[in-house]
Chemist: 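Structure below; questions to follow.
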2 protein chains.
Amino acid sequence: MTPAVEDYLKTIFLLSTRGETVTTGALAKELQVSSPSVSAMVKRLADGELVRRGRTLTLTAAGEREALRVVRRHRLLETFLVRALEMPWDEVHEEAEQLEHALSDRLEARIDAALGHPTHDPHGDPIPGAAGRHDESWGQPLAVAPEGCRFAIERVSDRRSDALRYLGERGLRPGVVVEVEEQDPYGGPRWVRVSGERVALAPLLTALIHGRVVRQGA
Amino acid sequence: MTPAVEDYLKTIFLLSTRGETVTTGALAKELQVSSPSVSAMVKRLADGELVRRGRTLTLTAAGEREALRVVRRHRLLETFLVRALEMPWDEVHEEAEQLEHALSDRLEARIDAALGHPTHDPHGDPIPGAAGRHDESWGQPLAVAPEGCRFAIERVSDRRSDALRYLGERGLRPGVVVEVEEQDPYGGPRWVRVSGERVALAPLLTALIHGRVVRQGA
DNA sequence: CGACGATGTTAGCCGTGCCTGACCTCGGCC
DNA sequence: GGCCGAGGTCAGGCACGGCTAACATCGTCG
């Protein structure tokens, strides 16, 4: 399990849970490598029984198991960096990206125990268990929440660290409940109220915030 | 700075501070690779102005700077793993060996601060500062301490993790002062008294323990 | 002095993981 | 039906970091 292989498996897993079709092209774009490189690697993964190559790529049971291990390490590390070292939540993804490949089972277990076996990372992403099944479902994006409802934030995508920082500064974090107000037209912002404060959120941002409607309001 | 390059530079540095002559052969043995591999890598390092190739290998200023950075990360990590995660001191070396290559400057600084800028790792090895000079001197080995003296342990080599565990269980740690008793002949053990308990230490072990004589006893 | 053993280097090879450039294979559209 | 463009794959190459086998070099000792 080289770092490159781990990254490919993890990315295939995350793309598919995100509902995107997993093709060599999508992988190339996501991993920032050329498509011939992806082709070659996917061939190796298929030879190793980790990936099935149809018109869309899928993980075998073994491949998914490995992917989950990587995702688990990644999210445990993010949680640890925020809780134990008070690192800002917009920096931890990048760090974990490196460390996830260097974390031994022994240390992983120790971190897990020190954190009290957390179930979600700082962005609200579920941490796969050391063994067994895993539910990666996303709630609905804030973008589609109806005006006037109360919306409980469950996950905030960590893909854009700058956006994460921006949202964090405005109190938009998992566990927070916001009041959804109007949607300005023509690609304008969505207005929400966060602990009294009125905040305008660009469409790009409301697409990153997922959760569920708590109570239909006025 | 690839992991392999970091390992070579670190090893050259540690071998030379240990007083051993740094040759390609010594590196091959230490790094567990063939000597042609070492030859090739040393050539690359020399091309990169990190190493000088005489009859013995020496680090250039740039090479030593890099080596110190790696050693610093390694020892900070060891300290962190013991202090923050209560990992046993005989396990941390191995973990740090992996993590040292994945630690960003940002995270390094955060760990350093969280530990209160420690000066020594759990084995008593000095942690190089973020910049500037560094003193790697070893005290004298317990093996040569005269009978009847009191001996303050300063460093315990982390090269043999099994020995480290054995010594730790018997209270032989940096900061501890032991009373040196007789040396059995014919390669027999050295007897020492640790907080009242009489302990026999094989020659291999007394060579791993370094420190200084505190007071000449009876 | 000459042979031998230790040490180091050269030559040639392999797997990994990336690249560019060329090709192939579709589906859709004129 | 033929052509175009998008997506995927071959071909060929490169840097890295390792390997074995063979050769060079050197010091020592008979």
Side-chain angles (χ1 to χ4, degrees), chain A residues 1-16 18-59 62-63 66-67 69-70 97-102, chain B residues 1-16 18-59 62-63 66-67 69-70 97-102:
Chain A
M1 225 33 38
T2 65
V5 168
E6 292 182 344
D7 282 337
Y8 275 84
L9 293 177
K10 182 185 64 172
T11 303
I12 293 171
F13 177 80
L14 293 179
L15 279 180
S16 71
R18 225 187 282 151
E20 302 180 26
T21 53
V22 185
T23 59
T24 56
L27 276 181
K29 191 175 167 206
E30 191 73 13
L31 291 166
Q32 302 272 284
V33 295
S34 69
S35 34
S37 297
V38 174
S39 259
M41 176 60 98
V42 165
K43 195 167 191 315
R44 289 213 297 281
L45 294 177
D47 288 350
E49 312 270 275
L50 296 167
V51 164
R52 266 183 304 269
R53 299 207 273 176
R55 57 176 36 214
T56 163
L57 301 170
T58 51
L59 293 173
E66 285 306 321
R69 281 172 44 80
V70 180
E97 208 65 26
Q98 301 304 314
L99 293 170
E100 66 189 7
H101 305 299
Chain B
M1 223 35 38
T2 65
V5 168
E6 292 182 344
D7 282 338
Y8 275 85
L9 293 178
K10 181 185 65 171
T11 303
I12 293 170
F13 177 80
L14 292 179
L15 279 180
S16 72
R18 225 186 281 150
E20 302 180 27
T21 54
V22 185
T23 59
T24 56
L27 275 181
K29 190 175 167 203
E30 192 72 13
L31 291 166
Q32 301 273 287
V33 295
S34 69
S35 35
S37 298
V38 174
S39 260
M41 177 59 99
V42 166
K43 195 167 191 318
R44 288 212 297 279
L45 295 176
D47 288 350
E49 310 271 274
L50 295 167
V51 164
R52 266 182 304 269
R53 299 208 274 177
R55 56 175 37 212
T56 164
L57 302 171
T58 51
L59 293 173
E66 285 306 321
R69 281 172 46 82
V70 180
E97 208 66 30
Q98 301 304 314
L99 294 170
E100 66 190 7
H101 304 299

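Below, chains carry the letters A, B, ... as their sequence lines are ordered, and counting in each starts from 1.
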Chemist: For C:dT16, does either OP1 or OP2 sit under 4.0 Å from a side-chain N or O belonging to A:Tyr8?
Modeler: no

Chemist: Mind calculating the distance between CG (B:Leu27) and C1' (D:dG17) to the nearest angstrom?
Modeler: 15 Å

Chemist: Is there side-chain contact between A:Val51 and A:Leu9, with at least one heavy-atom pair below 4.5 Å?
Modeler: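 Yes. Closest side-chain heavy atoms under 4.5 Å.
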
Chemist: Phosphate oxygens OP1/OP2 of C:dG8: is one of them under 4.0 Å from a side-chain N or O of B:Thr23?
Modeler: yes

Chemist: In this structure, how many angstroms lie between the P atom of D:dC16 and the CD atom of B:Glu6, rounded?
Modeler: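 Answer to the nearest Å: 15 Å.
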
Chemist: Answer yes when B:Lys10 and B:Asp7 have at least one side-chain N-carboxylate O distance shorter than 4.0 Å, and no when they do not.
Modeler: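 Salt bridge present between B:Lys10 and B:Asp7.
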
Chemist: Take atom CZ of B:Arg44 and atom P of C:dT10, then tell me their distance rounded to the nearest Å.
Modeler: 14 Å

Chemist: Nearest to the side chain of A:Ala4, which nucleotide is it out of C:dC18, D:dG18, D:dG8?
Modeler: C:dC18

Chemist: Using the side-chain heavy atoms of A:Val5, tell me which of these nucleotides is nearest: D:dC19, C:dT9, C:dG17.
Modeler: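 Shortest atom-to-atom distance from the side chain points to C:dG17.
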
Chemist: Describe the nucleic acid contact of B:Ser37 in one word from base, sugar-phosphate, nothing, applying a heavy-atom distance below 4.0 Å.
Modeler: base

Chemist: Send over the distance from B:Lys43 NZ to D:dA15 C1', rounded to a whole Å.
Modeler: 15 Å

Chemist: So if I take every side-chain heavy atom of A:Ser35 and compare against D:dG18, C:dC18, D:dT9, which nucleotide ends up nearest?
Modeler: D:dT9

Chemist: Name the residue closer to the 5' end of DNA chain C, choosing between A:Gln32 and A:Arg55 according to the nucleotide with the nearest heavy atom.
Modeler: A:Gln32

Chemist: Are more than 12 heavy atoms from other residues, nucleotides or ligands located less than 6.0 Å from atom CD of B:Glu49?
Modeler: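 Check fails, neighbour count at 12 or below.
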
Chemist: Could you state the CG-P distance from A:Leu31 to C:dT16, rounded to the nearest angstrom?
Modeler: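 It works out to 18 Å between those atoms.
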
Chemist: Which of these nucleotides, D:dG17, C:dT9, C:dC18, is closest to any side-chain atom of B:Pro36?
Modeler: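 So the nucleotide nearest the side chain must be C:dT9.
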
Chemist: In whole angstroms, how far is the P atom of C:dT7 from the CD atom of B:Glu20?
Modeler: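 Interatomic distance, CD of B:Glu20 to P of C:dT7: 14 Å.
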
Chemist: Shortest non-hydrogen contact from B:Leu57 to B:Thr23?
Modeler: CD1-C, 4.1 Å

Chemist: Tell me the interatomic distance from B:Lys29, atom NZ, to C:dG8, atom P, rounded to whole angstroms.
Modeler: 13 Å

Chemist: Give one of base, sugar-phosphate or nothing for A:Arg53, where a contact means two heavy atoms less than 4.0 Å apart.
Modeler: sugar-phosphate

Chemist: With a 4.0 Å cut-off on N to O distance, would you call A:Glu30 and A:Arg18 a salt bridge?
Modeler: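 Yes.
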
Chemist: Indicate whether OP1 or OP2 belonging to C:dC18 is found under 4.0 Å from a side-chain N or O atom of A:Ser34.
Modeler: no

Chemist: Could you tell me how far apart A:Met41 (CE) and C:dG17 (P) are, to the nearest whole angstrom?
Modeler: 4 Å

Chemist: Contact class for B:Thr24 vs. all strands (heavy atom < 4.0 Å): base, sugar-phosphate, or nothing?
Modeler: sugar-phosphate

